[in-house]
Amino acid sequence: MLLPAPRRLLFHAAIGAAFLLMLAPVAMVMIISVFRQEIVSFPPPGLTLEWYVNAWARQEFARGFLTSLQVALLATAIGVPLGTAAALALQRSAIKGKGALNTLLLGPLAVPGVVAGTALYMFYLRAEFWLDRDLTATLEGLVAAHVLLTIPWTVRLVSASLQGLDRTAEEAAANLGARPLTVFRRVTLPMLRPGIVAAALFSFIQSFENLELTLLLVGPGRTTLPVAMLSYLEFRIDPTLAAVATVQILLVAGLMLITDRFVKLSRVV
Amino acid sequence: MLLPAPRRLLFHAAIGAAFLLMLAPVAMVMIISVFRQEIVSFPPPGLTLEWYVNAWARQEFARGFLTSLQVALLATAIGVPLGTAAALALQRSAIKGKGALNTLLLGPLAVPGVVAGTALYMFYLRAEFWLDRDLTATLEGLVAAHVLLTIPWTVRLVSASLQGLDRTAEEAAANLGARPLTVFRRVTLPMLRPGIVAAALFSFIQSFENLELTLLLVGPGRTTLPVAMLSYLEFRIDPTLAAVATVQILLVAGLMLITDRFVKLSRVV
Amino acid sequence: MGSLVLEALSKRYGSSTAVERVDLEVAQGEMVALLGPSGCGKTTTLRMVAGFIPPSGGRVLIGGQDVTRAPPYARDTGMVFQSYALFPHMSVAQNVAFGLEMRKVGRAERDERVMEALRLVRLDHLADRLPRQLSGGQQQRVALARALVVNPAVFLLDEPLSNLDAKLRGEVRMEIRALQQRLGLTTLIVTHDQEEALTMADRLVVMERGRVRQVGTAEELYEHPADPFVAGFVGRCNLVSGRLEGGGFRAESGALLRCDSTGAPADAALLALRPERIRLDPDPAGEARITAVTYLGAQTEYHVEQRGTTLLVTRPTPPLGDPMRRLAVGDAVVLSWDAAAVRLLPAA
Amino acid sequence: MGSLVLEALSKRYGSSTAVERVDLEVAQGEMVALLGPSGCGKTTTLRMVAGFIPPSGGRVLIGGQDVTRAPPYARDTGMVFQSYALFPHMSVAQNVAFGLEMRKVGRAERDERVMEALRLVRLDHLADRLPRQLSGGQQQRVALARALVVNPAVFLLDEPLSNLDAKLRGEVRMEIRALQQRLGLTTLIVTHDQEEALTMADRLVVMERGRVRQVGTAEELYEHPADPFVAGFVGRCNLVSGRLEGGGFRAESGALLRCDSTGAPADAALLALRPERIRLDPDPAGEARITAVTYLGAQTEYHVEQRGTTLLVTRPTPPLGDPMRRLAVGDAVVLSWDAAAVRLLPAA
């Protein structure tokens, strides 16, 4: 329908305001990270990459970055296949209460991060007692926790792909002589690719960014980047942090852009 | 298609494992919260509500709960109308680059919570300097930050509803003599209701649960519940925390269940 | 002057033209069908009348008043949408009452007129249902009642039957036509189905690629198509290219076909001949050969080849004993037709 | 023994029956159509043949072998789906090659047979396209090629034309029939469109609510329908309730209708009379009255009321000069028909 011109203007203003609101703080940080001056003044007196050098020089950030990367990659590699299998099981089997299970998938949204983190920590403490083996402050423990983060995302995204999938293509393959495993490998899996790629991306991001679940589980010398940033914050606030933040934003945004070239994210997510 | 019996069993096992993995820690916390014993032993020696009493007696939890509730309600009340307006603007106007803006809506997923928190904190510090007025450690500052959390959720959920909306119903209303505002009020808005209700629910939950964005912005005596829990964690870990966590989980789950009765969440989200 | 008048109505999108200078008058109480293949501009024309699409040129007059620039809500039209477009959150009665509410009709009168409209479409017993609780045919009738209850000056129907199954379609068709005639509604209906248009409308407008090809009654279009497009779109038609030669028509393949060339256009290049107007007689000496026989119950179709030209012939299926019944592929036959049954047309 | 045999094939879902003891033999090279309204069990039957649905009872034999319990991949059937069901991530050639790959056909032979199949459907120039880059009709032809390239023992078609527009449907119909006859394919086709079934199949199976109502050629079904359902579903039919009385048929309304009662069933309660078998003559003294006239181009439909019974009559539209052409609502006419044109049927 047609909108009169003043209303259209208002509409554009609303879009602009919403996006500005969402992006302003991030833009601010990126700007801060490349200017020399530590305290507030405008316009700032000169460009520099000093804060980036400074950030890399600080071991906790460099190590944190590598730990985060390692944990996120491992958690994605384990969580996405598990989640995909669960999604297939959920959507394909004729079990009752599918609707209830689908709603349960929203569960992780219902459990506050701090609560989940605390829960996991307590759980680990008890498990350590029974198993007589360290879990907190180990890489295995951290990865296991992050797998929990990645599964709901994967199940949800792959389930959505499965629901949109034309099952007659699978029947056609069977009709042409393909056995069930061949049908899965040659037809089902390729058709699910967008959902799985998106699931991997978001799993990685969720894990890489996570603070709440991680906070209690990291050990000395095995800190993730978000935890390292939080620790640094308690100590001081300067553009070094802005530099680290900028690197992190660019990394994740870059990943999303690359993925978006292959899979239209706004359609899948 | 038919699955042979052993495969079906495997499928059910996969579902079971995935859900168990997701829910075990939460279940553990809920169990811990009602048993008397503070340290590990199984089966625990007796049921009690002592930890709940203890939690409420501690001012930081009671106050944190009220602050969280206040902030979440305000942020939802402000963010949902703003986000709905932005979604309408985004979907309805004929602006170019709609696809790009849609992808930008995924942006908040790309910006790690700690980074956003840091960014906002730095932004506030500078804004305070220019405006000569407190922002950090004020309720207004906190609510403004949380509005930023709620907008992307709202825009995304309402946009999805808008895309699924049959526009001919609006045309039919206009054809029957309804002016644009009447069409919006009598037809568009009621048809968007599921999306908006879901947006409000998730906005509330996102705000209520948030730790990362909040951490740097709370002031003394104005702590939110997640921050209060984190502080308590640094001090000691006992079933009191499990009690607080359980209350929080039940609250959010209850909200979701109530909403689900009116709006089928698994269809909207 | 008609109750609905379109004057040189056009719609262009950038460099492409959706509707090109359409002129049309619909008289009070008349039902006119816009007929054409998808993408011919018929729906765009209807939506310009309703006010949903602003014309690039030309005028729309309703009851003599220029409404070209009026918004949809200020035009006195009642439209029935292809998707029905019922308000899903309102009951059947509330749906029907909506237009009256907008017109600020008082509660008592409103309730009365709503029930009257629902009785008209035989749905008064379902007034409190929600649209999703109704069948497709019932939803269609609610949409009709909703558009009719406000007594619109012009009644607009956009492919109203396309979402119904074959059996229901015939019923609803008759129902709509009966209502339209009883209430004397000035009506514009859009359809791509020629049978629908032929059975319902007083006059038909055949459109193709944004232009009006011909306007007329069903008989005018079928018996006197103005061009090959209309000949082929309204009913089935044999179209043979060639030229006039002496008293006959020389097909490109060489065959000379019988025709009446009086009044034929000078540039006649196509011979149009309805398949049911061709007589077919078994004759061992005939030079025409049957290449396909398709039994369709009430009629039988024959493809017949004669000196390189294949003609489609449809005959009522003969009774079981008739020798015609034994005609098969390869049989020799003789074709004949009245010279007056042939139309000569310019090239497409 | 047929190339495809169904023996008492049944499918029950809980207490409801989708298919009830269907028996059918399809001979080598024969094309049989399963025809019926939606929900009649025709698609369920086809899917049991393909192996997608396990029967609750009965057997399926392909080429004499019992395949009732065989999984889909072990049955030698080639199926064309209503939605085409092409693999979206494979090129046209890869789609067609899939079945050959599964059969471990060597690369060189595979490429050759793929191109041959694509030539058969005239799509060899589009071998490298993806399905989404093709039109609906082209996708349909890829699906045909993919099913045919493996030389299946039985060719299965599930409403293959329902996603095509009217014009294309006629073309593809002829194309499929020509291919089927040329390759001598044993074929089972499911359709709800009687014209499709009449034009394509050697024999038709009319189904209703899970049961077979009648099996026969188009002519057998049309001329000798076994029951009122078949009479009404294949072609149009006047069905009048009443009873035999003397040499005629006494309609419930009281009118005595001419019929040939030799060989009529004892419980005859319905008179079935095709509308095109009724002659209609203007006669001021006639006791029948025209209640509606619908001009349809090649034919004209008349609703005629005679002593409380309304009959539908279709006649080829008379030429322009004919006095029949002036018949209008309210005119008095006389109806007549051959006694042999009438079928007497048991009650529905």
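Looking at A:Arg186, both its backbone and its side chain come within 4.5 Å of chain D, counting heavy atoms on both sides. In this structure, chain A has a heavy atom under 4.5 Å from the side chain of D:Arg47, while its backbone stays farther away. The part of D:Glu101 that comes within reach of chain A is its side chain, from C-beta onward, which places non-hydrogen atoms under 4.5 angstrom from that chain. Only the backbone of D:Leu86 comes within contact range of chain A, with heavy atoms under 4.5 Å apart.
Of the possible polar contacts, none joining the D:Arg75 side chain to the A:Gly177 backbone as a donor-acceptor pair under 3.5 Å is found.
Two residues are said to be in side-chain contact when any heavy atoms from C-beta on lie closer than 4.5 Å; A:Pro180 and D:Tyr73 meet this criterion. Considering only heavy atoms from C-beta on, D:Pro88 comes within 4.5 Å of A:Met191 through its side chain.
Interatomic distance, NE2 of D:His89 versus CZ of A:Arg193, reported as 10.0 Å (0.5 Å rounding). To the nearest 0.5 Å, atoms CZ (D:Phe52) and CZ (A:Arg167) are separated by 11.0 Å. Of the inter-residue distances, the one linking D:Phe81 atom CZ with A:Asp166 atom CG reads 9.0 Å to the nearest 0.5 angstrom.
Nearest heavy-atom pair across A:Ala172 and D:Ala85 is CB-O, 3.8 Å.
Considering A:Val183, A:Thr182, A:Asn175 as possible partners of D:Met102, the one that fulfils the side chain to side chain contact (heavy atoms under 4.5 Å, CB included) test is A:Thr182.
Under a cut-off of 6.0 angstrom, the local environment of CD in D:Gln65 is sparse, with at most 12 non-hydrogen atoms contributed by other residues, nucleotides or ligands. In this structure, A:Arg179 places its CZ atom where only 12 or fewer heavy-atom neighbours from other residues, nucleotides or ligands lie under 6.0 Å away.
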